[in-house]
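What follows is a short report on a single structure.
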Amino acid sequence: MNELRQAITRNSLLLAGFAVLTALLVATTFLGTKDRISAAQRAAEEKALLQIIPRASHDNAMLDDRLDAPVNDPFLQLRESKAIYIAKRQGEATAALIPATAPDGYSGEIELIVGVNRDGTVAGVRVLQHRETPGLGDAVDHRKSDWIESFRGRSLNDPELEEWTVRKDGGAFDQFTGATITPRAVVQATARVLQYAEQNRRMLFGERPTDKEPTS
């Protein structure tokens, strides 16, 4: 009986020691790679932002100039808090990169980010995450086609808001052969971001000199 108890105790101690050793190994590995992982994530985020706002068009670190995007905003429809990045030149905001969710994709939600220039035009759009059908709806992905480039330079006046949908619905934007729901969702989500930017110009781009109250 004593031998059995001693064996159980010995094995328990061995298991406990192995668990502690494993935890220390994992913690050491994490601490040793944390900075490199963080740097790699930052580089990947910056690369995505620079696809919309090229480095030559701003002189700040966009990843460090950020605002909190509101959760459950009717225009952005985000389920969780994300960052709005601001591009600046000589201290003046020139564009904002605004995250949004299109909840009405064919296969579920589509996550995207929309660059909006200070003048209200679209600097660019990128789909960040989707589950659309390969070969059909996934043409919204910049890696699959250049369809997403059709937004560049457009605004709430070009076309008018009621035309911010696909041609099948009487709008100004092409749909894909065999796929209408996905491009319709992205077009309308982009239009909502433009409306959000228009309503929040002061927060995103600061106060223009002409907006200031006259002084006596």
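Everything quoted here is computed from the prediction, not taken from an experiment.
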Where the side chain of D138 meets the backbone of G135, is there a donor-acceptor pair that is under 3.5 Å apart?
yes
Minimum side-chain heavy-atom gap V114-Y196 below 4.5 Å:
no
Identify the two heavy atoms, one from W164 and one from L156, that lie closest to each other, and give their separation to 0.1 Å.
NE1-CA, 4.2 Å
Measuring from E80:CD to T101:OG1, what's the distance to the nearest 0.5 Å?
8.0 Å
Is a side-chain N or O of D119 found less than 3.5 angstrom from the main chain of T121, in a donor-acceptor match?
yes
Check for a donor-acceptor pair, side chain of Q175 on one end and backbone N or O of I181 on the other, with a separation under 3.5 Å.
no
Donor-acceptor contacts under 3.5 Å from residues 69-79 side chains, at least two apart:
unit_1: D73; atom_1: OD2; unit_2: F75; atom_2: N; d: 2.8
unit_1: D73; atom_1: OD2; unit_2: L76; atom_2: N; d: 3.1
unit_1: Q77; atom_1: NE2; unit_2: P74; atom_2: O; d: 3.3
unit_1: R79; atom_1: NE; unit_2: E109; atom_2: OE2; d: 2.3
unit_1: R79; atom_1: NH2; unit_2: E109; atom_2: OE2; d: 3.0

Does R89 reach the main-chain N or O of A56 with its side chain, forming a donor-acceptor pair under 3.5 Å?
yes
When rounded to the nearest 0.5 Å, the distance separating NZ of K88 from OG1 of T94 is 10.0 Å
Using the side chain to side chain contact (heavy atoms under 4.5 Å, CB included) rule, take V116 and L204 through it: C-alpha gap first, then chi angles, then the decisive distance, then the call.
CA-CA 10 Å; V116 182; L204 297 174; over 6 Å; no
How far apart are the closest heavy atoms of T180 and K168, and which atoms are they?
OG1-CD, 3.7 Å
Keeping N60 on the side-chain end and I86 on the backbone end, is there a donor-acceptor pair under 3.5 Å?
yes
Between the main-chain N or O of R118 and the side-chain N or O of R201, is there a donor-acceptor pair closer than 3.5 Å?
yes
Determine whether more than 12 heavy atoms belonging to other residues, nucleotides or ligands lie under 6.0 Å from atom CD of Q129.
no
Salt bridge (Lys or Arg N to Asp or Glu O under 4.0 Å) pairs touching residues 123-136, sequence neighbours excluded, are R126-E149
For L194 and G120 the tightest heavy-atom approach is CD2-O, 3.7 Å
If you look at every heavy atom in I53 and A123, which pair is closest and at what distance?
CD1-CB, 3.6 Å
How about D104 and Q188: do any of their side-chain heavy atoms sit closer than 4.5 Å?
yes
Modelled atom types, side-chain donor and acceptor of N157 and S155, under 3.5 Å:
no
Rounding to 0.5 Å, atoms OG1 (T190) and CZ (R154) come to a distance of 11.5 Å
What heavy-atom pair brings N117 and A95 nearest, and what distance separates the two atoms?
OD1-CB, 3.9 Å
Do H58 and L50 come within less than 4.5 Å of each other through their side chains, counting heavy atoms only?
yes
Under the side chain to side chain contact (heavy atoms under 4.5 Å, CB included) criterion, do R152 and V122 qualify, and how do the steps go?
CA-CA 5 Å; R152 189 182 295 273; V122 175; 5.5 Å; no
Quick one: do W147 and V193 end up in the same hydrophobic cluster if we chain Ile, Leu, Val, Met, Phe, Trp and Tyr together by side-chain heavy atoms under 4.5 Å apart?
yes
Close side-chain approach of T133 to S107, heavy-atom, < 4.5 Å
yes
Step by step, work out the side chain to side chain contact (heavy atoms under 4.5 Å, CB included) result for V127 and I110.
CA-CA 7 Å; V127 169; I110 301 171; 3.7 Å; yes
Please confirm whether the backbone N or O of G171 pairs with a side-chain atom of T165, one donor and one acceptor, at under 3.5 Å?
no
To the nearest 0.5 Å, what is the distance between CG on L97 and CG on L67?
11.5 Å
Which is it for L161 and Q195 under the side chain to side chain contact (heavy atoms under 4.5 Å, CB included) test, yes or no, and what are the steps along the way?
CA-CA 9 Å; L161 183 57; Q195 293 175 82; 3.8 Å; yes
Donor-acceptor under 3.5 Å (R167 side chain, F173 main chain):
no
What closest approach, in Å, do P54 and S57 show between heavy atoms, and which atom pair accounts for it?
O-OG, 2.8 Å
Counting only heavy atoms not in Q90, do more than 12 fall under 6.0 Å of its CD?
no
Does the side chain of L112 come within less than 4.5 Å of P99's, by heavy atoms?
no
